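If you're wondering where the values come from, they're calculated on a predicted model, not measured in any experiment. Every chain is numbered from 1 and lettered A, B, ... according to where its sequence line falls, protein lines coming before strand lines. Reckoned from all heavy atoms, side chains included, excluding hydrogens, waters and symmetry mates.
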Number of protein chains: 2
Amino acid sequence: MQKLQPKIKDVAHVAGVSTATVSRALTQPERLSESTREKVYEAIRATGYRVNKAARNLRTRRAGAVLVLVPNLGNPFFSVILSSINEVLAANGYSVLVFDSQQPSARGQVVSDYLLNGSVDGLITLDGNMSSAMGETLKSANMLRNVVFCCEWSDEMSLPSIRSDNALGARLAVDHLFSLGHRRIGHVTGPSDNILAQVRKAAFETRCAELGLSIAPDWIIPGDFSLASGALAAEQIAAMPERPTAVFCASDEIALSLISRCKHLGVSVPRDLSVIGFDDLEIAGFVEPSLTTIRQDRTRLGRLAAEELITRLNSVQPQEASRIVLAPVDLIARESTMAIGAESFPPNMA
Amino acid sequence: MQKLQPKIKDVAHVAGVSTATVSRALTQPERLSESTREKVYEAIRATGYRVNKAARNLRTRRAGAVLVLVPNLGNPFFSVILSSINEVLAANGYSVLVFDSQQPSARGQVVSDYLLNGSVDGLITLDGNMSSAMGETLKSANMLRNVVFCCEWSDEMSLPSIRSDNALGARLAVDHLFSLGHRRIGHVTGPSDNILAQVRKAAFETRCAELGLSIAPDWIIPGDFSLASGALAAEQIAAMPERPTAVFCASDEIALSLISRCKHLGVSVPRDLSVIGFDDLEIAGFVEPSLTTIRQDRTRLGRLAAEELITRLNSVQPQEASRIVLAPVDLIARESTMAIGAESFPPNMA
DNA sequence: GAAGCTGCTGTAATCGATTACATCGTGATT
DNA sequence: AATCACGATGTAATCGATTACAGCAGCTTC
């Protein structure tokens with residue numbers, strides 16, 4: 001058996017002041033005389049006092065926490081983002097609640113509960129598929145001010161959004177391949193209901209058209225960002241009578257498994273097929289051949305999203321409703337793309 | 001401007017009952033007559049009422065939340081675990097707070113704050129390096145009952161721990177290589193202060209000794225689980241006058257980049273060197289050659305840890321102080337290991 | 001020296017739920 | 001008919017902080 005957590009009253013008693021003074025020492029120390037302040041600090045130290053979060057939250061009507069909605073927590077793409085979100089929020093005194101938006105538990109319900117029952121002050125969603133029901137919930141709870149999209153977004157909902165310049169990424173990819181002499185370029189897409197997949201595909205097609213490239217319909221291969229879909233795409237490409245000479249993949253995972261599967265099937269990358277990915281996962285630089293890709297600055301995306309939300313939470317006057325921040329992307333040229341027709345000897349045959 | 005969130009009083013008024021009755025309808029519906037219960041439910045629906053979490057938490061002295069401490073959130077190994085933890089906890093009405101234990105913010109302080117100020121009811125830590133200060137904190141807060149280690153653990157602290165059978169994993173790896181005829185086996189370790197790395201290395205050495213294998217000191221290569229350390233290890237192996245014919249890597253990330261780097265250096269896997277990893281990341285099955293590895297059932301690990309914690313939170317009488325649950329591991333034989341001396345033609349040269 | 005400031009601190013109301021205890025009606029028991 | 005038990009419901013205390021308001025001391029100002 002042991003003593004109960006000391007409360008503010010105990011501290012006040014030890015310090016010989018009122019609870020109000022203790023509370024002030026905690027939240028607005030500059031309003032106390034130095035001597036009282038020190039007395040209180042000393043009493044806090046002596047008693048081992050910690051403020052009770054629930055009591056504070058109840059009184060201040062704040063939660064000091066933010067919900068982060070992740071589509072598929074198991075996907076490594078998101079973890080770095082989550083990490084940087086965590087960093088910024090923690091530095092600003094907020095806790096981070098995570099929820100996997102693909103969780104079977106009736107998700108709309110659960111998420112709006114978080115928002116409505118005061119568990120969190122705001123929401124960062126990495127999932128662009130926000131149900132309209134949830135949009136309504138947010139609106140009715142006057143919570144729309146406290147939502148930020150990160151990476152993905154929804155066009156139907158005008159909310160602030162931090163995202164990579166996906167169209168630029170697709171353009172950079174096509175231009176890179178074009179400049180290497182490729183004229184027959186394929187694309188493995190992400191899931192058709194995903195906004196990122198849509199934008200990348202559209203930009204891919206636009207850019208190809210601008211460059212006067214004609215894309216055979218079967219060179220556009222539907223995928224879903226996953227490793228499995230990349231392997232499938234490789235099978236399809238290998239079986240084509242008229243193969244593209246290069247392929248732009250909507251994600252690094254697609255690209256990585258596509259390359260591996262191609263090797264299995266006797267299609268050599270980059271000699272027979274140049275491959276470019278999207279994301280720049282850490283492993284992209286550690287495979288053989290290393291992966292040419294479009295880098296998204298995931299750390300920055302997370303950080304910006306967290307900062308945007310904090311700004312909104314702290315400001316009294318409403319911010320610009322739907323601010324869009326485009327984070328730059330870069331082409332990282334590595335070994336999985338090469339000039340068409342160029343001779344090359346894989347290192348292990350030299 | 002819009003109406004404030006309805007409170008329990010409003011619901012009570014609409015339903016024509018007392019607040020106590022509304023509260024009971026929420027938490028112990030079986031104690032109400034059916035007619036009253038329905039009346040209350042109807043009023044809740046009509047008003048759009050949600051319980052205020054802070055008020056409930058204050059009164060019940062519970063938080064309905066669990067903190068998950070992750071060492072390096074950016075590491076894909078952890079995200080699947082986090083996902084399954086989230087699943088189980090969410091299904092049991094708990095929220096999940098995450099914190100990256102490698103965060104620069106004075107971590108000990110932050111974490112013990114979570115525990116002491118009532119923000120969370122318990123802790124699942126994937127980080128075995130628990131500072132003794134934090135141990136003290138937990139003890140003094142009577143929180144030791146509500147902590148569960150997952151994956152990693154600390155020998156100095158007798159707390160419940162859900163972990164893979166790491167020693168078995170190392171043994172399976174050695175036996176697999178041995179049965180393929182390998183007698184010169186190397187090991188790339190994890191960080192020396194990591195308990196998993198220690199156990200795997202010790203079990204590796206023990207098993208080698210049991211089998212009568214003599215391991216040259218420089219075949220034990222210090223690594224840190226990372227991709228970068230795998231590449232470095234490859235350089236070292238390639239430069240050895242007396243190379244091992246097989247190497248057991250303490251993580252899949254090490255193994256993957258080691259294989260790729262070997263290829264670069266003209267060392268062919270598995271022909272010149274068999275490689276076996278640990279973890280079975282999803283990508284292990286999608287690289288070329290695919291990776292032989294020791295599978296950890298990460299979903300199960302997360303689930304078990306969450307269930308263990310929930311049991312402890314729900315039970316009044318203290319549970320067995322330091323229950324250790326060993327989750328089984330499996331050898332997944334793929335292409336990165338082969339019998340020594342066996343002829344093989346990589347598929348792309350067939 | 002009275003009035004007015006200013007700076008510091010205390011008193012007590014308040015946030016919104018839960019729950020111990022009290023009350024009341026009803027049917028069973030003696 | 002009196003007593004008791006029991007189920008359903010209401011009254012009001014309580015959880016532990018924050019903060020509006022008030023009080024008070026010391027200084028300035030006229």
Out of curiosity, A:Asn92 CG to A:Glu87 CD, how far, rounded to the nearest 0.5 Å? 11.0 Å

Return the angle between end axes of the helix from C:dG1-D:dC30 to C:dT30-D:dA1, with five pairs used per end and rounding to 10°. 50°

What string of B, S and - do you get for nucleotides 13-20 of chain D, 5' to 3', when a contact is any protein heavy atom under 4.0 Å? BBBBBBBB

Is a donor on one side and an acceptor on the other found under 3.5 Å between the side chain of B:Asp100 and the backbone of B:Leu73? yes

Under 3.5 Å: donor-acceptor pair, side chain of A:Asp121, backbone of A:Gly64: yes

Side chain of B:Asp127, backbone of B:Ser101: donor and acceptor closer than 3.5 Å? no

Count the heavy atoms of every other residue, nucleotide or ligand shown that sit under 6.0 Å from CD of B:Gln28, and state whether that count exceeds 12. yes

I'd like to know if the side chain of A:Ser23 reaches the main chain of A:Thr19, judged simply by a donor and an acceptor atom lying under 3.5 Å from each other, with no hydrogens or angles considered. no

Using atom types as modelled and distance alone, determine if a side-chain donor or acceptor of B:Thr311 lies under 3.5 Å from a backbone N or O of B:Glu307. yes

Check for a donor-acceptor pair, side chain of B:Ser83 on one end and backbone N or O of B:Ser79 on the other, with a separation under 3.5 Å. no

Pull out every residue in residues 31-44 of chain B that has a heavy atom closer than 4.0 Å to any atom of DNA chain C, ordered by number, or say none. none

Is it true that a side-chain atom of A:Arg298 and a backbone atom of A:Phe77 form a donor plus acceptor pair closer than 3.5 Å? yes

Under-4.0 Å salt bridge between B:Arg45 and B:Glu42: yes

